[in-house]
Amino acid sequence: MDSKIKHQVINSNILANYGIIVELDNVENGFPVLKAVLKSVDSNLFWEIEKRIIENLEEKRFDNEEIVFSHINSKNPLSSEVLKNREEKNIRLYKISPIGHKEQPKIGEYLVFHSTTFRKKIRIREIYNDYFLLEDENNYIGVIPRRKVGRNEKAIIGDYVRHCEHQFHDLVDANDHFIYR
């Protein structure tokens, strides 16, 4: 399920030895979960939020955010004005990591909070270190953390993840049988 709230990428940079930093607008109340997943409306690529970057002690903070502090010269009038403008427009900085690719979001691109929800089985299209890329019969694409699927180390492309009301989802084959490789 993709949120209807779109967050435009105001700025996107790759910092050597650190990773991708994005500046997103329209982040009024943060994201609902720790390690939230963002999905591009344009490219269907996914990113995981690693940390929120705080540059000023007065910045609004939210639950479900791991925070890292950045040092800027707050006595510089330009820096103070930029921070004030960001706060007024609900613009926030995040460190993100790509899921299954190496690209950064493009400036102007729209990202939405993504949570894969399903009530039946859904096919594993690709397997990444920490996520499964899933696709249903209507070509809807989503990701789910591997840690939420029992026996995930046994999964191969083409297997299915079946919804379970408990903490972990089931790994099954096309005939709905549990996989015991």
Side-chain angles (χ1 to χ4, degrees), residues 1-117 124-134 141-149 152-153 167:
M1 175 182 79
D2 298 334
S3 170
K4 293 185 183 344
I5 299 170
K6 294 180 182 178
H7 307 282
Q8 187 175 26
V9 177
I10 305 299
N11 208 342
S12 176
N13 296 293
I14 297 177
L15 300 181
N17 300 320
Y18 190 72
I20 301 171
I21 306 297
V22 292
E23 193 173 7
L24 300 175
D25 80 345
N26 198 25
V27 184
E28 188 172 350
N29 296 309
F31 294 99
V33 295
L34 186 65
K35 302 288 187 184
V37 172
L38 299 174
K39 178 181 180 181
S40 169
V41 172
D42 305 314
S43 67
N44 274 342
L45 294 176
F46 296 90
W47 293 268
E48 179 184 79
I49 294 177
E50 289 186 29
K51 296 180 174 143
R52 162 92 183 279
I53 300 170
I54 300 284
E55 295 182 307
N56 183 324
L57 293 175
E58 286 83 41
E59 277 189 67
K60 188 176 180 182
R61 298 183 192 168
F62 311 110
D63 294 335
N64 300 318
E65 289 186 331
E66 190 174 323
I67 293 174
V68 63
F69 291 94
S70 175
H71 304 286
I72 68 165
N73 184 357
S74 59
K75 293 187 187 336
N76 179 339
L78 182 59
S79 296
S80 296
E81 192 61 35
V82 167
L83 292 174
K84 183 180 175 189
N85 185 37
R86 277 191 196 153
E87 197 63 32
E88 287 173 0
K89 295 182 178 180
N90 294 316
I91 295 171
R92 315 282 179 221
L93 285 176
Y94 291 94
K95 178 182 189 291
I96 62 173
S97 60
I99 299 174
H101 60 90
K102 296 183 190 301
E103 296 181 40
Q104 71 189 77
K106 294 174 178 45
I107 295 173
E109 186 170 18
Y110 285 94
L111 306 179
V112 293
F113 167 71
H114 171 80
S115 175
T116 298
T117 56
I124 297 173
R125 181 172 153 182
E126 291 186 38
I127 300 174
Y128 308 130
N129 289 339
D130 297 324
Y131 285 87
F132 290 125
L133 181 71
L134 306 172
I141 297 194
V143 293
I144 189 169
R146 289 181 64 161
R147 70 180 184 280
K148 292 189 176 186
V149 179
N152 68 64
E153 71 282 353
Q167 187 174 2

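Just the heavy atoms: all of them, side chains too, but no hydrogens, waters or symmetry mates, feed the values below. By convention here, the first residue in the shown sequence is residue 1.
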> Does the pair I10 and L24 meet the rule for a side chain to side chain contact (heavy atoms under 4.5 Å, CB included), with working shown?
Replying inline: CA-CA 6 Å; I10 305 299; L24 300 175; over 6 Å; no
>> Is there a side-chain contact between K95 and L15 in this structure, where contact means two heavy atoms from C-beta onward sitting under 4.5 Å apart?
In response: no
> Which pair of heavy atoms, one from E65 and one from G30, lies closest together, and at what distance?
Replying inline: OE2-CA, 4.1 Å
> What is the distance from atom CD of E28 to atom CZ of F62, rounded to the nearest 0.5 Å?
Replying inline: 8.0 Å
>> I want to know whether F31 and Y94 have ring centres closer than 6.0 Å.
In response: yes
> Can you tell me how far the NZ atom of K51 sits from the OG atom of S97, to the nearest 0.5 Å?
Replying inline: 10.5 Å
> Going from CG on N90 to NZ on K60, what distance comes out if it is rounded to the nearest 0.5 angstrom?
Replying inline: 6.0 Å
> Would I5 and F113 count as a side chain to side chain contact (heavy atoms under 4.5 Å, CB included) if you check the C-alpha gap in whole Å, the side-chain angles of each, and the deciding distance to 0.1 Å?
Replying inline: CA-CA 8 Å; I5 299 170; F113 167 71; over 6 Å; no
>> With rounding to the nearest 0.5 angstrom, report the CG to OH distance, D25 to Y110.
In response: 7.0 Å
> With a 4.5 Å limit on heavy-atom distance, are the side chains of V33 and S115 in contact?
Replying inline: no
> Can R92 and E59 be counted as an ion pair, charged N to O under 4.0 angstrom?
Replying inline: no
>> If you compare all heavy atoms of W47 against all heavy atoms of P105, which two are closest, and at what distance to 0.1 Å?
In response: CZ2-N, 3.6 Å
>> Just verifying a value: how many Å separate S43 OG and L111 CG, rounded to the nearest 0.5 Å?
In response: 8.0 Å
> Between I144 and T116, what is the shortest heavy-atom contact and its length?
Replying inline: N-OG1, 4.4 Å
> Sub-3.5 Å donor-acceptor pair from the side chain of R147 to the main-chain atoms of N152, do we have one?
Replying inline: no
> Between CG of L45 and CD1 of I141, what distance do you get to the nearest 0.5 Å?
Replying inline: 10.0 Å
>> Side chains of P98 and I20, heavy atoms from C-beta outward: is any pair under 4.5 Å?
In response: yes
> Does NZ in K148 sit with more than 12 non-hydrogen atoms of other residues, nucleotides or ligands closer than 6.0 Å?
Replying inline: no
>> A side-chain contact here means heavy atoms from C-beta on lying under 4.5 Å apart; do R86 and L93 qualify?
In response: yes
> Please walk me through it: do R146 and I127 pass side chain to side chain contact (heavy atoms under 4.5 Å, CB included)?
Replying inline: CA-CA 9 Å; R146 289 181 64 161; I127 300 174; 3.3 Å; yes
> Taking K39 for the side chain and V143 for the main chain, is one N or O donor matched with an acceptor at less than 3.5 Å?
Replying inline: no
>> Quick check: closest heavy atoms across E66 and E50, and the distance to 0.1 Å?
In response: CB-O, 3.9 Å
> With no hydrogens and no angle check, do the side chains of H7 and N26 hold a donor and an acceptor under 3.5 Å apart?
Replying inline: no
>> Among E23, Q104, K106, which residue satisfies the side chain to side chain donor-acceptor pair (under 3.5 Å) criterion with S12?
In response: Q104
> Does any N or O in the side chain of N13 come within less than 3.5 Å of the main-chain N or O of I21, such that one atom is a donor and the other an acceptor?
Replying inline: no
> Quick one: does H101's side chain have a donor or acceptor within less than 3.5 Å of a partner on F46's backbone?
Replying inline: yes
